[in-house]
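This one's a predicted model, so the numbers in the text were calculated from it and none came from an experiment. All ligand and atom numbering here is 1-based and tracks the order in the structure. Atom set for the values below is all heavy atoms of this structure, side chains included, hydrogens, waters and symmetry mates excluded.
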Amino acid sequence: MSKQRNCKVCQEAVSKYKCPVCFTPYCSLPCYKLHKAQPCYKEEPLLPESPKIAQPLRPFEEGDDESGMRLPRSKLEAVVASDEIRHALKDERLQAIVRRIDSCLSPEKDLDDAMQVPEFREFADKILAVIDPERHSPSLLH
Ligand SMILES: [Zn+2]
Ligand SMILES: [Zn+2]
């Protein structure tokens, strides 16, 4: 004779149903509603350890000057207006690299990769030369 389980809510009646979420046995709709009055969770995790959800992209914060890469608008306009940079941006390979960095989840790592590409390094140097002609040196980009 199998042991019958009692409703976990009222502890009296024999349970006929189970909560679809936490599998708590209950006997009737009123008991189920009572059970549902409190939040319940899956008791047995389906995965031994759910993989960590990827960290959300850190948004660029206004005034975050730590990276030293934030530019005042005037500098950006100077970059955009620079013939040399416009010309460089016509290079399809460079476009592909820039686009990849733009859409990449880890821009810093990708920037490192991109800096291994001579064309991109040259391009970055050109931008820096426009932004900061006086202090310009390749080491500014780490
Ligand atoms: Zn009950
Ligand atoms: Zn439940």
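- Rounding to the nearest 10°, we obtain 100° for the angle at the Zn ion (ligand 2) between Cys22 SG and His35 NE2.
- Here Cys10 contributes SG and Cys31 contributes SG, and at the Zn ion (ligand 1) these two atoms make an angle of 110°, given to 10°.
- The two residues Met115 and Arg121 come nearest to each other via the heavy atoms O-NH2, 3.1 Å.
- Rounding to 10°, one obtains 110° for the angle at the Zn ion (ligand 1) between SG (Cys7) and SG (Cys27).
- The main-chain N or O of Lys8 is found under 3.5 Å from a side-chain atom of Gln11 such that the two form a donor-acceptor pair.
- Remark: at the Zn ion (ligand 2), atom SG from Cys19 and atom SG from Cys40 enclose 110°, rounded to the nearest 10 degrees.
- Summarising the geometry of Phe123 relative to Ala88, their closest heavy-atom pair is CD1-CB, 3.7 Å, with the distance given to 0.1 Å.
- When all heavy atoms are compared, the tightest approach of Val9 to Tyr26 is CG2-CB, 4.4 Å.
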